[in-house]
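All values derive from a computational prediction rather than experimental measurement. Chain A is the first sequence line, chain B the second, and so forth, proteins listed ahead of strands; every chain is numbered from 1.
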There are 2 protein chains.
Amino acid sequence: MNIPDTEAKRIVVIGGGFGGIRLISKLKNAGFQLVLLDKNNYHTFQPLLYQVATAGLEPGSIAYPLRKMFLNHPNFYFRVAEVEQVMPEQKTIETNIGSLSYDYLVIATGSTTNYFGIDGMEKVAMPMKSVNEALDLRSVMLQMFERALLTNDEMERRRLMNFVIVGAGPTGVELAGALSELKSHVLPKDYPDLDMKLMEVRLIEAGSRVLAGMSESSSRKARRYLEKMGVKVMLNTFVKQYDGHIVTTNHEEFYAGKLIWAAGVRGNVPEGFPVEVIRGGRLRTDEYSRVKGFDSVFALGDVAFMETDAHPNGHPQVAPVAIQQGSHLAENLKCQAKGQALLPFVYKDKGSMATVGKNKAVVDFYKFQFGGFLGWWVWMFVHLMSLVGFRNKVVTLMNWVWNYINYEHGVRLITRPIKYRKTVPAEK
Amino acid sequence: MNIPDTEAKRIVVIGGGFGGIRLISKLKNAGFQLVLLDKNNYHTFQPLLYQVATAGLEPGSIAYPLRKMFLNHPNFYFRVAEVEQVMPEQKTIETNIGSLSYDYLVIATGSTTNYFGIDGMEKVAMPMKSVNEALDLRSVMLQMFERALLTNDEMERRRLMNFVIVGAGPTGVELAGALSELKSHVLPKDYPDLDMKLMEVRLIEAGSRVLAGMSESSSRKARRYLEKMGVKVMLNTFVKQYDGHIVTTNHEEFYAGKLIWAAGVRGNVPEGFPVEVIRGGRLRTDEYSRVKGFDSVFALGDVAFMETDAHPNGHPQVAPVAIQQGSHLAENLKCQAKGQALLPFVYKDKGSMATVGKNKAVVDFYKFQFGGFLGWWVWMFVHLMSLVGFRNKVVTLMNWVWNYINYEHGVRLITRPIKYRKTVPAEK
């Protein structure tokens, strides 16, 4: 990998997500050699992926080159690599670009879509965890309408225009909201010869409410918003099967052109750890983020399962946890280097928020709950400020203002290969 | 295809490039039924593709959804389709989504990369005629540097960092300029552990000067700019072979990690026309844009070979010709409908321009030639104004200002799959 050996202790960080980048920026000039590995050369701001999928934003607005992020970091090295195996005994990792030894290893590999072992779901459902998956979703969605134009079969047309989102967490809710905004404001103009009343957006949730991670009142409000916008919210419903045409739930069967899977995630645990340290697909850590039984291996964020008295079942798999754990671990590594005592991690839960549509968002902020116009502006402000890089902030803000004024989703580009089958015979 | 039959005569336009979109916008409310077919759902502003390839712009800044472009056009239909066959006798076309009859057919399919039958070149060289090709080029280029980091073999590293551009037309010149700007301003910061002196940009041209389509003085100036920026300009040189590693020209052999092919184009002539009407890979038309021998078939822009006294060897394959022919044909179709006499096409050549780098451009404007700072600003203004859509203008301007101030190319994202081979063994 051509990482020079130096006097400094080498910290290898796997994953340039929220936790990984926070840790590295906090460790600047702390006297360590920092090596960041990621399978992409950019950081992805996942909370806004759904806007890339729904043609509201360009990938470049929410993705930020990792090299650019850490310009002028002394003794910092980045490599595009996929980790194949961790060998904690040898303090070495195996990757597709060779192996590398470490003094400390930080696993910040995040999470991946969890299909809960539903047979074949992986092949037919569309996930949305990466920029490329969001771009695929955008292209496929637009292609459904192009194809709906070509058929004279009413059922087929309904099927093509019927979108099902599984999982009513923030991603599912935000996606459902954005799709129904497309339905009411953008697509009718683009497809005057399609009857948009045929388009349906269903949101399926196994639990008894949407946004289960938020307060009861925010859940109710979000559900009201969704239903007012025409989203069909199906609670206490779980998908048993989807063959690419028909969705089978515990209640009913219906046609769907696309099924978008936002129902859950599991930690991206690399190979090389014994089963005892893996729980719920995550790495069990102590409150110092140390992977149980491996003193020089740490885990952060979605991939970490940290049991504390406050969170006996681990922490929620959300960005703030990863960010706070990244900062905290940075401090602890500095303490350790100075021979000072380590401090246990305590999660400061400021609350959470989700947006359903224009002027429609729900916010839990500590004890306060609010929504509507104010919630929406707070949501926008917080997300804008969290974006990495001034350029991305400006471009995103510009797009939002633009879309707000014009009810637009400007980048309706099908940039992925289009698959068609011949439909109707020759006319005229 | 579900295009309704109406009283109005049906004009089918193949291709949403400069010629096609101009024709359609000029025919709004002219009483025709307009059907536009394109293999993409967007128009591509090709003159700025090279900035997408060099991470200066996002695709969404230079691509514009065709449906959005023609909102509220009465009796207008767009379909994403690939034309497989034209049957002029039956006044019908065959496409991948079915067949369609026409009263008038306008072929505005533009041009495709021409490898001049050099054996295997198509497989190893990278073209840059579409958004997807530009994105591929961006990803591959950045991957070369990621890979160069991994090898200890000096020759291999040189090879990976050696870019060869074949063809010194505007695209080749602008690409070479942008690459050497990346070399001097962006890449050294991104890759501090790579010796950027190893990076070479070669521009190979079979003719005796760069920008052969422009004035002698502009050619000389552009060449001086390129050489000052460190581009190795190789004139009177033609590539005989490239195996993915070694370029063989009529003079020498050298290593190259990537060869970008901008050496020429040929018309995208659809199947179904006799050889007599094809010349230089283009469709021969009279001065009314009618394809020779087919009164109801017209050809525009790059795909058309219109012989006039002023242009006995056809017109240059540049945007202004396509745009002017589009406008002109629209007028003639209106005349024809009114039973008025048709007017022959006359190309108004206002000149042309190319940019090499910051404050370095060359402009031929009628009899005037100028360059440098002024030329650069004129180039930027003209291209900005030609972009379709206010949003694209604003986003592009913002990026340009940003890149100008910061010597930046913000979107250095590898969004295409990365292929690595293991290189160095384990260290430390």
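- Heavy-atom contacts from other residues, nucleotides or ligands closer than 6.0 Å to CD of E271(A) number 12 or fewer.
- Rounding to the nearest 0.5 Å places CZ of F390(A) at 9.5 Å from CG of N406(B).
- D193(A) CG to F78(B) CZ: the interatomic distance, rounded to the nearest 0.5 Å, is 12.0 Å.
- One distance of note links CZ of R412(B) with OH of Y64(A); it measures 8.0 Å at 0.5 Å rounding.
- For E408(B), the part lying near chain A is the side chain, with the backbone staying farther off; criterion is any non-hydrogen pair under 4.5 Å.
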Can you list the steps and then say if R79(A) with L150(B) is a side-chain contact (heavy atoms from CB on, under 4.5 Å)?
CA-CA 9 Å; R79(A) 295 291 183 266; L150(B) 303 178; 3.8 Å; yes
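- Counting heavy-atom neighbours within 6.0 Å of E89(A) CD, excluding the residue itself, gives a total above 12.
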Is there a side-chain contact (heavy atoms from CB on, under 4.5 Å) between E58(B) and V395(A) once you walk through the steps?
CA-CA 11 Å; E58(B) 284 256 67; V395(A) 177; over 6 Å; no
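- Contacts of D190(A) with chain B are made by both backbone and side-chain atoms, with heavy-atom separations under 4.5 Å.
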Applying side-chain contact (heavy atoms from CB on, under 4.5 Å), run through R147(B) and V80(A) and close with a yes or a no.
CA-CA 9 Å; R147(B) 281 166 53 182; V80(A) 178; over 6 Å; no
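- If you measure heavy-atom distances from L142(A) to chain B, the contacts under 4.5 Å come from the side chain alone.
- Within the 3.5 Å criterion, the main-chain N or O of L413(B) finds no donor-acceptor partner in the side chain of N41(A).
- Contacts between Y77(B) and chain A at a heavy-atom distance below 4.5 Å involve the side chain alone, from C-beta outward.
- In this structure, chain B has a heavy atom under 4.5 Å from the side chain of N399(A), while its backbone stays farther away.
- Here the CG atom belonging to N40(A) is positioned 9.0 Å from the OG1 atom belonging to T415(B), to the nearest 0.5 angstrom.
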Start with the C-alpha gap between K68(B) and H409(A), add the side-chain angles, then the distance that decides, and say whether side-chain contact (heavy atoms from CB on, under 4.5 Å) holds.
CA-CA 10 Å; K68(B) 192 173 160 188; H409(A) 289 243; over 6 Å; no
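- Using a distance-only test at 3.5 Å, with no hydrogens or angles considered, a donor-acceptor pair links the side chain of N2(A) to the main chain of L149(B).
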